[in-house]
Amino acid sequence: MKSSLRVRFAPSPTGYFHVGGARTALYNWLIARKAGGSFVLRIEDTDETRNAEEWVDGIISALSWLGITWDEGPYRQSDRAELYQKAVDRLLAEGKAYWCDCTREEIDRRAKERGGPPGYDGFCRDKHKLKTETSAIRFKIPRPGITVVHDKIRGDVVFDHDNLDDFIIVKSNGLPLFVLANVVDDIDMKISYILRAEEHLPTTPKAILLFQGLGVEELPIFAHVPVLVNAKRQKLSKRRDRVAVEDYKEMGYLAPAMVNYLVLLGWSPGGDREFLTVQEMIDLFDIGEVNHSPAFFDEQKMQHFNGVYIRELTVEEFVENCLHFLEKHDWWVGDSGQRETFSHIAPLVQERVSLLGEVPEMVAFLFQQEIDIPSDLVESVFRKDVKSGQILSEIKEIYAGLGVFSHDELSKVTRAYCDSVGMPLRKVQAPIRVALTGSKVGPPLFESMELVGREMTLSRLTSASELIGAPQP
RNA sequence: GGCCCCAUCGUCUAGAGGCCUAGGACACUACCCUCUCAAGGUAGAGACACGGGUUCGAAUCCCGUUGGGGCUACCA
């Protein structure tokens, strides 16, 4: 049975979709799912100068990726002009709003002359002005008066109407402003629970006055969640901070890991728990437990979460998830041979990465015909260490004579070689690894050599030996 | 400036007046494990912003201070 609880997530498509929006959407989604209510997606695109269709696509794909599903919408405010017009006509007719043709300059000048706080002074309030080319419509704040916001997270917040200006609800170009469109839609869509970021708290009394002006008796429940901040503790901004959900997806974050991290930003299930399934989040989430203070979005911790989630994947799932990242490279053709090779190395890679985006560079040596050894490694591992040339040529002979080119055999003979020359395996493996993979770090060596195969392994060892013998560039 | 919100380790948090010698996680340090790198294990360092109350007792309640943030647009 559907409950009557209805929430909405109402982003504006004025930039890429960032993690703060994702967290707000997630909280809304959780309370809707918990109550068996409805989640409405509404695109607030009334500012035609800042909107772009690509941002709408971004919002939709990011929400889908995160698994935040909507029951209705996406509605677009740009399609709903009639509704706003009707509401404004009513407000005008009832004397709750008025036309104003003051310019910003005039308002500022009067404020300066007045010496008081800046802001609109109600100049046109009772002048019954008519519409002109440049006039806008303002809402008439009832004076005197106070409005109390009953906030689920913050308790009662009292606003004195003396501190509220008669704000504009319709621009001179005829388009509604955010508060108005918001309230009209919330009424029309029967939104019963408004959960949004704290930055909206100061405009909430205006919204409430609008609800009342439009004849609504039972207000929705309000809850203002703390904002997400950057390292300088400023509100996350689309322009300033690179925190697009889409970017994280492309770095190789897993959606469940991101959701798990996000839900913890401002909320905790209590005790020492951190890892939760979506169902547990739905069951346990309680808006009253949400923190009051801003939270820093810590990528490092999210990455750690991602590593944990990656390691919890089955190997098949891991392989499946890696494909997208492998396909970005020209050495990956994705035929059955490559896929099989990758499947063999996958378990060893899976426990070594915390982002799927790290996978390709870790396995590239398996698929590239020619590997590139960085000059600094040639210098430090091959040339600076005088034993390297000897190790490479001797181990090559041993490998060449191997009956079965398997990781067990490779391990056995390499360890025997270590004993014979009195060097630790730690030392011996270094030049071999660099020769084989072009890197000092990577998956376990013997498994890697087995997968690369005898022929290619030997030729890379030979190339490396030649590199050592060659004159320095 | 005005209005509003907020305040526990560097970060995210646990904490609902005695369970707190303040717990966990990320990051950090050391050690163990180890073919590199990870992962894992063990240990360590690290916080109740400050000042007043209330109370037998305060991280927890109240007030103030300080600090941070948000809003103050014909943006959302």
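Each chain gets a letter, A, B and so on, in the order its sequence line appears, and its residues count up from 1. In this text, all values refer to a predicted model and were calculated from it rather than measured experimentally.
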(Q) Using the salt bridge (charged side-chain N to carboxylate O under 4.0 Å, His left out) criterion, which residues pair with Glu274(A)? Sequence neighbours excluded. (A) Lys301(A)

Q: Kindly state whether the ring of Phe297(A) and the ring of Tyr248(A) have centres lying under 6.0 angstrom apart.
A: yes

Q.
Would you say the rings of Phe275(A) and Phe305(A) are close, in the sense that their centroids are separated by under 6.0 Å?
A. yes

**Q.** Residues, nucleotides or ligands: over 12 heavy atoms within 6.0 Å of His292(A) NE2
**A.** yes

Q | Lys412(A) atom NZ, over 12 foreign heavy atoms within 6.0 Å | A |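 No, NZ of Lys412(A) has 12 or fewer neighbouring heavy atoms, counting only those of other groups under 6.0 Å.
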
Across the strands shown, which category fits [X] at heavy-atom distances under 4.0 angstrom: base, sugar-phosphate, nothing?
X         : value
Tyr261(A) : nothing
Gln350(A) : nothing
Gly266(A) : sugar-phosphate

Q. The side chain of Arg311(A) lies closest to which of these nucleotides: rG40(B), rC12(B), rC35(B)?
A.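 Out of rG40(B), rC12(B), rC35(B), the nucleotide with an atom closest to Arg311(A)'s side chain is rG40(B).
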
Q) Where the side chain of Gln234(A) is defined as all heavy atoms beyond and including C-beta, which of rC35(B), rA14(B), rG70(B) is the nearest nucleotide? A)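 Looking only at side-chain atoms, Gln234(A) lies closest to rG70(B).
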
**Q.** Lys NZ or Arg CZ of Arg138(A) over Phe167(A) ring: under 6.0 Å, within 45°
**A.** no

Q) Does Arg426(A) make a side-chain donor-acceptor contact with the base of rC35(B), cut-off 3.5 Å? A) no

Q: Spell out yes or no: do the side chain of Arg233(A) and the base of rU11(B) have one donor N/O and one acceptor N/O closer than 3.5 Å?
A: no

Q | Interface residues of residues 428-435 of chain A with RNA chain B (non-hydrogen, below 4.0 angstrom) | A | Gln429(A), Arg433(A)

Check nucleotides 72-76 of chain B for protein N or O atoms closer than 3.5 Å to its own N or O atoms and list the pairs.
unit_1: rC74(B); atom_1: OP2; unit_2: Arg104(A); atom_2: NH1; d: 3.4
unit_1: rC74(B); atom_1: O2; unit_2: Ser172(A); atom_2: N; d: 2.7
unit_1: rC74(B); atom_1: O2; unit_2: Ser172(A); atom_2: OG; d: 2.9
unit_1: rC74(B); atom_1: N3; unit_2: Ser172(A); atom_2: OG; d: 3.0
unit_1: rC74(B); atom_1: N4; unit_2: Thr134(A); atom_2: O; d: 3.0
unit_1: rC75(B); atom_1: OP2; unit_2: Lys171(A); atom_2: NZ; d: 3.4
unit_1: rC75(B); atom_1: O2'; unit_2: Asp47(A); atom_2: OD2; d: 2.7
unit_1: rC75(B); atom_1: O2'; unit_2: Arg50(A); atom_2: NE; d: 2.9
unit_1: rC75(B); atom_1: O2'; unit_2: Arg50(A); atom_2: NH2; d: 2.6
unit_1: rC75(B); atom_1: O2; unit_2: Arg50(A); atom_2: NH2; d: 3.0
unit_1: rA76(B); atom_1: OP1; unit_2: Thr46(A); atom_2: OG1; d: 2.5
unit_1: rA76(B); atom_1: OP2; unit_2: Phe178(A); atom_2: N; d: 3.0
unit_1: rA76(B); atom_1: O3'; unit_2: Glu44(A); atom_2: OE1; d: 3.3
unit_1: rA76(B); atom_1: O2'; unit_2: Ser12(A); atom_2: OG; d: 3.1

Q: Return the set of residues passing side-chain hydrogen bond (donor to acceptor under 3.5 Å, both in side chains) with Thr457(A) (not counting sequence neighbours), or none when no residue passes.
A: none

Q | Pairwise C1' distance for rC9(B) and rC4(B), with rounding to whole Å | A | 29 Å

Q | Rounded P spacing from rG24(B) to rG41(B) in Å | A |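 These two P atoms come out 14 Å apart once rounded.
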
Detail all sub-3.5 Å separations between protein N/O atoms and N/O atoms belonging to nucleotides 24-30 of chain B.
unit_1: rG24(B); atom_1: O4'; unit_2: Asp272(A); atom_2: OD1; d: 3.3
unit_1: rG24(B); atom_1: N2; unit_2: Glu274(A); atom_2: OE2; d: 3.4
unit_1: rA25(B); atom_1: O4'; unit_2: Glu274(A); atom_2: OE1; d: 3.3
unit_1: rA25(B); atom_1: O2'; unit_2: Glu274(A); atom_2: OE1; d: 2.7
unit_1: rA25(B); atom_1: N3; unit_2: Lys301(A); atom_2: NZ; d: 2.9
unit_1: rC26(B); atom_1: OP1; unit_2: His304(A); atom_2: NE2; d: 3.1
unit_1: rC26(B); atom_1: O2'; unit_2: Lys301(A); atom_2: N; d: 3.4

Taking N or O atoms only and anything under 3.5 Å, show me the protein contacts with nucleotides 4-7 of chain B, one pair per line.
unit_1: rC5(B); atom_1: O2'; unit_2: Arg154(A); atom_2: NH1; d: 2.6
unit_1: rC5(B); atom_1: O2'; unit_2: Glu198(A); atom_2: OE2; d: 2.7

